[in-house]
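All ligand and atom numbering here is 1-based and tracks the order in the structure.
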Amino acid sequence: MGIACTFERAEDGMPEIVVGAGRIRLVQGDIVQAKTDAIVNAANASLAGGGGVDGAIHRAAGPELYELTRPFGGCATGSAVITGAGRIPLPTRFIVHAVGPRYSTARDAECAALLRSAHEVSLRLCEEKAVESVAFPAISTGVYGFPIARAAPIALQAAMEHLKAGERSVKRVVFVLFTPADLQVFSEALASLGQG
Ligand code: ADP
């Protein structure tokens with residue numbers, strides 16, 4: 001892998017990896033409660049709202065979140081846009097609306113590249129806003145059908161590559177996994193990247 005990092009456990013026992021001056025950690029729960037400067041939404045290309053994470057974030061942020069996304073007129077798959085956080089309380093100030101791909105086995109490599117770029121663009125947008133902490137859900141692994149064991153190393157590697165570049169405002173990347181099974185998959189992926 002070639003990325004120097006240390007696999008650790010945070011005080012609460014959750015897996016964590018130190019990359020350069022930053023950290024990647026995993027938690028189980030609801031991303032709306034992440035209490036990071038920015039939270040990432042698994043949006044769709046129309047930015048018109050939906051179920052899953054999108055529904056939870058829009059419910060918590062209130063109808064003004066639609067007003068904030070509407071001017072963009074949508075977002076390409078593999079990209080992202082950033083808005084304010086509506087009614088989600090501080091410290092969360094931004095929502096990144098990232099559009100992951102709908103998975104298809106026949107287009108696996110293309111889907112992997114799009115998932116990676118959705119993470120990369122999200123992190124770049126966080127830098128532009130001087131965000132220090134950002135929470136990601138497991139983008140594309142719900143309705144969009146991306147196998148989570150395939151998605152986890154792609155998402156984690158994008159975060160590691162971002163942090164290792166140094167001189168970053170982002171210092172903490174948290175992956176918020178919805179179920180214990182999803183947390184387990186990400187933990188195993190993080191441990192094997194940590195050995196790389
Ligand atoms: P996509 O359309 O990108 O697949 P989904 O919202 O359907 O997006 O699912 C993405 C992932 O987010 C799934 O693993 C799902 O279990 C998880 N998820 C759903 N609700 C939440 C939530 N409130 N917080 C964190 N993760 C969630």
Side-chain angles (χ1 to χ4, degrees), residues 12 14-15 24-62 65-66 69 72 74-83 85-89 91-92 94-108 110-123 125-126 133-159 172-190:
D12 59 2
M14 299 305 261
I24 299 170
R25 60 173 323 204
L26 310 181
V27 298
Q28 191 211 326
D30 177 357
I31 196 158
V32 169
Q33 314 287 337
K35 297 187 174 63
T36 44
D37 298 341
I39 63 181
V40 180
N41 183 14
N44 54 45
S46 67
L47 301 180
V53 184
D54 206 3
I57 289 176
H58 275 277
R59 271 194 302 282
L65 192 55
Y66 292 111
T69 54
F72 291 98
C75 176
T77 302
S79 191
V81 301
I82 190 163
T83 67
R87 293 180 199 163
I88 296 179
T92 302
F94 300 103
I95 310 280
V96 178
H97 307 262
V99 184
R102 270 177 207 279
Y103 186 76
S104 99
T105 317
R107 292 169 42 240
D108 175 82
E110 186 192 338
C111 291
L114 289 167
L115 185 64
R116 186 179 176 97
S117 81
H119 287 81
E120 288 169 349
V121 176
S122 297
L123 289 161
L125 291 171
C126 287
S133 58
V134 53
F136 281 87
I139 296 172
S140 284
T141 68
V143 171
Y144 279 7
F146 212 118
I148 193 161
R150 172 91 175 102
I154 296 168
L156 290 166
Q157 237 172 315
R172 190 159 59 93
V173 180
V174 184
F175 286 88
V176 180
L177 292 320
F178 206 44
T179 66
D182 290 349
L183 174 65
Q184 180 63 27
V185 172
F186 263 70
S187 301
E188 285 165 16
L190 189 67

Contacting atoms of ligand 1, where contact means under 4.0 angstrom from a heavy atom of D30: 22 (C), 23 (N), 24 (N)

G29 neighbourhood, listing ligand 1 atoms whose heavy-atom distance to it stays under 4.0 Å: 24 (N), 25 (C)

Side chain, backbone, both or neither: D182 near ligand 1, heavy atoms under 4.0 Å: side chain

Taking atom 18 (N) of ligand 1 as the reference point, the nearest protein heavy atom with its distance: V53 CG2, 3.4 Å

Which residues share a side chain to side chain donor-acceptor pair (under 3.5 Å) with R87, sequence neighbours left out: E64

Test log, rule side-chain contact (heavy atoms from CB on, under 4.5 Å), inputs C126 and F94: CA-CA 9 Å; C126 287; F94 300 103; over 6 Å; no

Whether G100 lies under 4.0 Å from ligand 1, heavy atom: no

Working for side-chain contact (heavy atoms from CB on, under 4.5 Å), residues F136 and V96: CA-CA 9 Å; F136 281 87; V96 178; over 6 Å; no

Test item: F178 and P137 side chains (from C-beta on) under 4.5 Å apart, heavy atoms: no

Identity of the nearest option to atom 10 (C) of ligand 1, non-hydrogen atoms only, from G52, G51, A138, G50: A138

Pairs of donor and acceptor atoms involving the side chains of residues 76-83, under 3.5 Å and at least two apart or interchain, shall be tabulated with distances.
residue : atom : partner : partner atom : Å
T83     : OG1  : H97     : NE2          : 3.0

Close N or O approach (V143, ligand 1; < 3.5 Å): yes

Under 3.5 Å: donor-acceptor pair, side chain of D37, backbone of S133: yes

Atoms in ligand 1 with a heavy atom of A42 nearer than 4.0 Å: 3 (O), 8 (O)

Proximal ligand 1 atoms for T141, defined as those under 4.0 Å from one of its heavy atoms: 4 (O), 11 (C), 13 (C), 14 (O)

Nearest-option assignment for atom 4 (O) of ligand 1, heavy atoms, candidates A34, A56, G142: G142

Aromatic ring pairing F175/F186, orientation class (parallel under 30°, perpendicular over 60°, tilted between): tilted

Shortest protein contact, atom 24 (N) of ligand 1 (heavy atom only): I31 N, 3.0 Å

Atom 3 (O) of ligand 1: the protein heavy-atom neighbour that sits closest, reported with distance to 0.1 Å: S140 N, 2.8 Å

Greater than 12 external heavy atoms within 6.0 Å of R116's CZ: yes

